[in-house]
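As a basis for the values below, the full set of heavy atoms in this structure was taken, side chains included, without hydrogen atoms, waters or symmetry mates.
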Amino acid sequence: MSRAPEFILTLSCRDRTGIVYAISGLLYQGGCNIIDSQQFGDLQGEDATGLFFMRVHFAAPPHLASVEALQTLFAHTRAQYDMDLHLYPVAQRARLLLMVSQHGHCLNDLLFRWRSGQLEVDIAGVVSNHPDFAELARSYGLPYHHLPLPTGSDAQTKRAQEQQVEALIERERVDLVVLARYMQILSAEFCQALKGRAINIHHSFLPSFKGARPYFQAHARGVKLIGATAHYVTPQLDEGPIIEQDVQRVDHAMSAEDFTAVGRDIECVVLARAVRWHVERRVLLNGHKSVIFR
């Protein structure tokens, strides 16, 4: 007996009564089986958006075993509540493009998780402005796209390089771009093209030490906690919606190099979590914030 196809439904809309009842009722009437359901209303605090968010993982019967059929099922309710509603087949793996410069720890970590089955995605390739990790990519059977940016490249040169990446994203049908320590500031045009589908790992617990050598800055200030932040890419540098953060305690006996080693470990874990939650459709954008259904 074949297993019923599974789907993820995500939605956001103005919070009002009857939303959960309407969604669960439609799934019941359609013969679907709800496997997991989570919801959140952003109603408290001065910065509350008044929005309702929901994620439902369900199995569908044969007559609803396509996104098109399910969209028809939800069409009236979507319009009634003015929902931003999306449906995703669980069996359809997200396609990733990884970007890196000269620090390869996050790239190496993601590749290992992918190869070992911990991260259920397809990787279209690796892009870098340096040649350093070509052999690493090839050892995983992945194409390596070396798109150099000479020191001092002007905005026009950088934009031309970004357009090469955009063409690659379109050609390879990439769903998510992961900046695995890609140390280039992206143009506003590139950020807009990747809105909601590009994740960056910031080597600091934002907002915190910015600029070069953040762990050395932290060490000089005698901090007791260091961390990392994974966030969506926006034209505003390092200010996109935060997906995940983590910290680890450090002390006076550790060197700046020790801080860096600890920080790199945290970066790997935080980025991997953010990528996994995104591809599992657990992240819903809420203005400048995000809702994470873990």
Side-chain angles (χ1 to χ4, degrees), residues 1-13 19-20 22-40 52-98 110-111 113-125 142 168-178 193-199 230 232 241 243-244 272-286 290-294:
M1 183 177 178
S2 60
R3 184 175 178 178
E6 297 176 9
F7 295 85
I8 301 293
L9 177 152
T10 64
L11 69 86
S12 63
C13 61
I19 299 172
V20 174
I23 295 297
S24 58
L26 282 172
L27 290 171
Y28 172 75
Q29 292 169 23
C32 300
N33 179 44
I34 295 176
I35 298 169
D36 179 68
S37 179
Q38 295 174 280
Q39 55 272 335
F40 169 73
F52 176 84
F53 301 86
M54 190 172 186
R55 178 187 185 272
V56 185
H57 177 191
F58 64 93
H63 71 283
L64 290 176
S66 71
V67 168
E68 293 74 20
L70 289 166
Q71 286 175 336
T72 300
L73 176 69
F74 288 104
H76 175 73
T77 299
R78 169 188 274 165
Q80 178 185 2
Y81 290 93
D82 192 22
M83 293 175 173
D84 182 17
L85 185 149
H86 301 275
L87 291 151
Y88 308 95
V90 170
Q92 184 174 314
R93 292 157 63 104
R95 288 181 60 78
L96 272 57
L97 182 68
L98 309 182
L110 289 172
L111 292 177
R113 291 175 191 269
W114 166 65
R115 175 62 62 84
S116 62
Q118 299 175 55
L119 188 59
E120 296 185 0
V121 298
D122 293 328
I123 297 180
L142 294 173
L168 178 62
I169 291 169
E170 183 175 359
R171 184 170 69 249
E172 294 294 334
R173 298 174 280 96
V174 169
D175 300 301
L176 178 68
V177 174
V178 182
L194 295 175
K195 184 178 181 181
R197 57 192 189 109
I199 294 175
Y232 286 111
I243 306 169
E244 173 63 337
R273 287 178 189 156
V275 170
R276 180 167 59 83
W277 293 342
H278 177 93
V279 300
E280 291 179 356
R281 315 298 179 180
R282 297 183 180 277
V283 186
L284 281 71
L285 292 179
N286 184 19
S290 62
V291 174
I292 314 293
F293 288 127
R294 301 186 185 182

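- Between A124 and V174 the shortest heavy-atom distance is CB-CG2, 4.1 Å.
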Evaluate side-chain contact (heavy atoms from CB on, under 4.5 Å) for R197 paired with D175, printing each intermediate quantity in order.
CA-CA 7 Å; R197 57 192 189 109; D175 300 301; over 6 Å; no
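- Atom CG of residue L97 and atom CG of residue L142 lie 10.5 Å apart, to the nearest 0.5 angstrom.
- Residues C13 and D82 fail the side-chain proximity criterion, which asks for heavy atoms closer than 4.5 Å.
- Residues R276 and Q118 have side chains not in contact (no heavy-atom distance under 4.5 Å, counting atoms from C-beta outward).
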List the atom pairs, with distances to 0.1 Å, where a side-chain N or O of residues 64-79 and a protein N or O form a donor-acceptor pair under 3.5 Å, not counting sequence neighbours.
| residue | atom | partner | partner atom | Å |
| --- | --- | --- | --- | --- |
| S66 | OG | A69 | N | 3.1 |
| T72 | OG1 | E68 | O | 3.2 |
| R78 | NH2 | L85 | O | 2.8 |

Could you walk me through whether Y232 and V283 pass the side-chain contact (heavy atoms from CB on, under 4.5 Å) test, one step at a time?
CA-CA 11 Å; Y232 286 111; V283 186; 3.4 Å; yes
Which side-chain N or O atoms in residues 53-63 pair as donor and acceptor under 3.5 Å with protein atoms at least two apart or in another chain?
| residue | atom | partner | partner atom | Å |
| --- | --- | --- | --- | --- |
| R55 | NE | E280 | O | 3.4 |
| R55 | NE | R281 | O | 3.1 |
| R55 | NH2 | E280 | O | 2.9 |
| H57 | NE2 | E6 | OE1 | 2.8 |
| H63 | NE2 | G30 | O | 3.4 |

Residue pair R294, R273: steps toward the side-chain contact (heavy atoms from CB on, under 4.5 Å) verdict:
CA-CA 10 Å; R294 301 186 185 182; R273 287 178 189 156; over 6 Å; no
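- With values rounded to the nearest 0.5 angstrom, W277 atom CH2 is found 9.5 Å from I243 atom CD1.
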I'd like to know whether I34 forms a side-chain contact (heavy atoms from CB on, under 4.5 Å) with S24, so could you lay out the CA-CA distance, the side-chain angles of the two residues, the decisive distance to 0.1 Å, and finally the verdict.
CA-CA 8 Å; I34 295 176; S24 58; 4.2 Å; yes
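- Rounding to the nearest 0.5 angstrom, the gap separating the CD1 atom in I199 from the CG atom in L194 is 11.5 Å.
- What you find for F52 and Q39 is that their closest heavy atoms are CZ-CB, 3.4 Å.
- Taking CD of E172 as the reference point, atom CD1 of I123 lies at 12.5 Å (rounded to 0.5 Å).
- In this structure, CZ on R95 lies 12.5 Å from CG on L176, to the nearest 0.5 angstrom.
- Atom OH of Y81 is separated from atom CD1 of I23 by 8.5 Å, given to the nearest 0.5 angstrom.
- At least one side-chain heavy atom of V279 sits less than 4.5 Å from a side-chain heavy atom of L96.
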